[in-house]
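Report on the following structure.
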Amino acid sequence: EIIRLLNGWREDTSGLVAEEIDPPSRELTDQALRTVAWMRAQGRFPPDRVLPCPDGGIAFEWYQEPWDFDLELSADGTVTWAKYFQARTVERHRSTWKT
């Protein structure tokens, strides 16, 4: 399901454009696909939700009440991992996915 969604955004961005969302670049979508492959190889749970960010990024979200987690790949090459407890930020890390 996630792979199909990401490949769909990679091949046809018209649906995102129609919703006035900057579509993720092919490079960023490829990175998201590599991220999903890595998560699977590590035995990680798939995200509960994958969505485009209005600025052209891609976000992965996990919900495990009372915890929430998200991983955002941004169009500018940054990646942000955040952990929330009862909707309050507990931890946030920022790095880069682009070299």
Separation of L33 CG from W38 CH2 (nearest 0.5 Å)
15.5 Å

At what distance, to the nearest 0.5 angstrom, does CD1 of I58 lie from CH2 of W97?
9.0 Å

Exercise: identify the closest heavy-atom pair between F85 and P66:
CE1-CG, 3.2 Å

Applied to residues 55-80, the salt bridge (charged side-chain N to carboxylate O under 4.0 Å, His left out) test, sequence neighbours excluded, yields R49-E61

Within the side chain of T78, is there an N or O that forms a donor-acceptor pair under 3.5 Å with the backbone of S74?
no

Check step by step if side-chain contact (heavy atoms from CB on, under 4.5 Å) holds for R40 and I3.
CA-CA 11 Å; R40 284 184 176 172; I3 302 293; 3.8 Å; yes

So, taking the atom named CG in N7 and the one named CG in D12, what distance separates them when rounded to the nearest 0.5 Å?
12.5 Å

Hydrophobic clusters here meaning ILVMFWY residues chained together by side-chain heavy-atom distances under 4.5 Å, can you tell me if I21 and V17 are in one?
no

Provide the full list of salt bridge (charged side-chain N to carboxylate O under 4.0 Å, His left out) pairs with a residue in residues 88-99, sequence neighbours left out, each pair given once.
E27-K98, K83-E91

Output for pair (W9 CH2, L28 CG), nearest 0.5 Å, gives 10.0 Å

Within the structure provided, determine whether D48 and F60 are in side-chain contact (heavy-atom separation under 4.5 Å).
no

For residues G56 and A75, report the shortest heavy-atom separation together with the two atoms involved.
O-CB, 4.0 Å

Go through it in stages, so that I can follow the logic: the residues are L6 and I2, the test is side-chain contact (heavy atoms from CB on, under 4.5 Å), and I'd like the CA-CA distance, side-chain angles, deciding distance and then a yes or no.
CA-CA 6 Å; L6 292 171; I2 295 168; 3.9 Å; yes

Joint cluster assignment, Y84 & L51, ILVMFWY side-chain distance < 4.5 Å:
no

Among the clusters formed by ILVMFWY side chains lying less than 4.5 Å apart, do Y63 and L71 turn up in the same one?
no

Output for pair (F69 CZ, F45 CZ), nearest 0.5 Å, gives 11.0 Å

Just wondering, more than 12 heavy atoms not from Q42 lying within 6.0 Å of its CD?
yes

Those residues that, when tested against E11, pass side chain to side chain contact (heavy atoms under 4.5 Å, CB included) (two or more places apart)
R26

Hey, what do you get for OG (S25) to CZ (R10), rounding to the nearest 0.5 Å?
10.0 Å

